[in-house]
Amino acid sequence: MIQITLPDGSVRQYESGVTALDIAKSISEGLARNVLSAEVNGEVWDATRAITSDASLKLLTWNDDEGKRTLWHSSAHLLAEALEAEFPGVKFGIGPPIENGFYYDVDLGSHTISSDDFTRIENRMKELAKRKSAYIRKEVTKAEAVAYFTEKGDEYKLDLLKDLEDGTITFYQQGDFTDLCRGPHIPDTERIKAVKLMNVAGAYWKGDEKNKQLTRIYGITFPKQSELDEYLRILEEAKKRDHRKLGKELELFTFSDKVGQGLPLWLPKGTALRERLVDYLKKAQTASGYVQVITPHIAHKDLYVCSGHYEKYGADSFQPIKTPAEGEEFFLKPMNCPHHCEIYKAKPHSYKDLPLRLAEFGTVYRYEQSGELHGLTRVRGFTQDDAHIFCRADQVKEEFVKVIDLVLMIFKALDFKDYVAQISLRDPENKAKYIGSDENWNKAEQSIIEAAEERGLNTVVELGEAAFYGPKLDFMVRDAIGRKWQLGTIQVDYNLPERFELEYTGADNQKHRPVMIHRAPFGSLERFVAVLIEHCAGIFPLWLAPEQAILLPISDKYNDYAKKVSQILKNYDIRAAVDERDERAGKKIRDAELSKIPFMLVVGEKEEQSGSVSVRKHGEGDLGSMSIEDFAGLIQQEISSAFN
RNA sequence: GCCGAUGUAGCUCAGUGGUAGAGCACUUCCUUGGUAAGGAAGAGGUCACGGGUUCAAGUCCCGUCAUUGGCUCCA
């Protein structure tokens, strides 16, 4: 008999050789039907694999991320089985689960596949799934594995086998399909109830562009049809929220071929929105002890040679600007940090001056690869809400706490409720690749962890994800429909202070090197606005909306009254436009609703006589009439509630 | 940068070798209106750009540029 410890701490006795599925059955049939895989002593196993010694066990279902991954990994095998049936001779690369579903890289030889073939393949997958074929794990020797794939003629699997050690190789078989695979897999194909192939794309074998390009087929599966329906609904919703579409519809920004790709043009309404974000953050930063600076858009090559960026990125950047002087070169500013270092150096510093917090809404230019450009989220010219904090090592923690507070305040004002702080630390196995002393790194890493803890952040720690110049903390935010975005970032830097030989005089009258902290709560205004648009589906918080209200006169007889009201509202700092078009009220309301203007104020004879407005709220409808003062109060109240 | 798809009016799109279209937006006129589209007329195009095939090209072919789905990248 062996002892199995369940997550609740209870211990049960089973015969050696029992499987997770057997154990699930012994608890309840319903649980057994939902089990996809199992965590055995912390390692994910097939639910059908025999357990032969005492173990801790967690049954994994669709509600566990690892359970989902198991289903999707098995679905990739099911896709492969279907492809083999539809396209005999197809060769297979790799087929892993991903964040949403799975893919399989395949070589279809002379065949081409397009989304038109998807229905046929999906149907085949569903038909194969219904057969309830078990996923059977088989340990094989390397020689057997090589023999199998040599006979099958699958050079990609043979390539994979080269890197595997004998004794660790397993095959998985379901139905007629056998694959080289570490596993684990679900018990049988019948657990896959809903299948959807999403798209097809090219992908290089092993991600190397020198290798052959394979066809990557993306799909997703679910244990219930209703889950697939919900997933597709969210995808539709995401399309409706696409910031590129809304940016055009709401007249926020545009692009022009003549101006150049990746160079956004901010339209008046988008600019109004952006300026408001800037003002908001500027005020908050001033209150937190930042000072604003301004630096030019170009800088001498020597600056970037000193910072090291010239060596690293010079060849892949916008190329130098030449001057009439022989050999003189300037570069477009790709980041603000070196400039701020020079500002730091403009005068000597005492330990008493620190921290020095230099902030700049600095526009930078980076020559991103053309294929990377995407709406406002990836552009070639953008403005960072940048600041560099120069401080003593013993101040790092306190500064982190303050920046975290700043970021959290922004998240609150913009209604981002679901976020995780990702702390990226050194790879402890490979400390040599990082610059800076061991002591400083330890201190900084500890400071970040403590700061996050102090503010009660939900954190994940990633070892080896730190930049070579310092550890960092990034905020990963989930938007209103569950998608993840990386927004605010805080990074420690030991590199630039070294390269620029930054110093301060300590209490000991000795020269010391300050620590530099880069931080950008928005990241960049472009990217942040994009995420904000998608988060709120273009319905901005009232304080940010480019137009907060629009006056809708019933006929042109009341245009003058409408203009008068809009003036009065301006005195209350309320942004109100007037729709003076010769259109009926119904039409004006419809257009205002479509432009997502928060408040519509219908005015006609009644309102003019009583000095009131008839208020309609976007998405909610008629609120009845009220005095102009009451309406102003309503707006001010709604705005202040966003900040408390 | 690489592979695939796409590019027609300001916007959304139809047009598959034979005279360039629709809806919305815009302009003018009629209408003077009450909570999601009043009516009529008008204007608007080098069919991304450049080459080619053809009696004839928005349509077929090649190249370039841009957009886009991926890959790779992101100081």
Checking all strands, does A/D257 fall into the base, sugar-phosphate, or nothing category for heavy-atom contacts under 4.0 angstrom? sugar-phosphate
Closest listed nucleotide, where the reference is the side chain of A/Y313 and the choices are B/A75, B/A36, B/G69: B/A75
Does a side-chain N or O of A/Q261 approach OP1 or OP2 of B/A66 to a distance below 4.0 Å, or not? yes
Take atom NE2 of A/H339 and atom P of B/A75, then tell me their distance rounded to the nearest Å. 18 Å
Looking only at side-chain atoms of A/S614, point me to the closest of B/G70, B/A75, B/G34. B/G34
Taking B/C11, B/G38, B/A36 as options, the one with an atom nearest any side-chain atom of A/K248 is B/C11
Ring centers of A/Y344, A/F500 separated by less than 6.0 Å: no
Give the nucleotide from the list B/G38, B/G34, B/C71 with an atom nearest to the side chain of A/K587. B/G38
The nucleotide from B/G33, B/A37, B/A75 with an atom nearest the side chain of A/D556 is B/G33
Measure distances between side-chain N and O atoms of A/D582 and base N and O atoms of B/U31, and say whether any donor-acceptor pair falls under 3.5 Å. yes
Less than 4.5 Å apart, any side-chain heavy atom of A/R241 and any of A/D479? no
When you measure from the side chain of A/S370, which nucleotide among B/G1, B/G38, B/G69 comes out closest? B/G1
Check every strand shown and say whether A/E311 touches a base, only sugar-phosphate, or nothing at a heavy-atom separation below 4.0 Å. nothing
Cationic N near anionic O, under 4.0 Å, A/E236 to A/K239: yes
Please confirm whether any donor atom in the side chain of A/R378 sits under 3.5 Å from an acceptor in the base of B/C74, or the reverse. yes
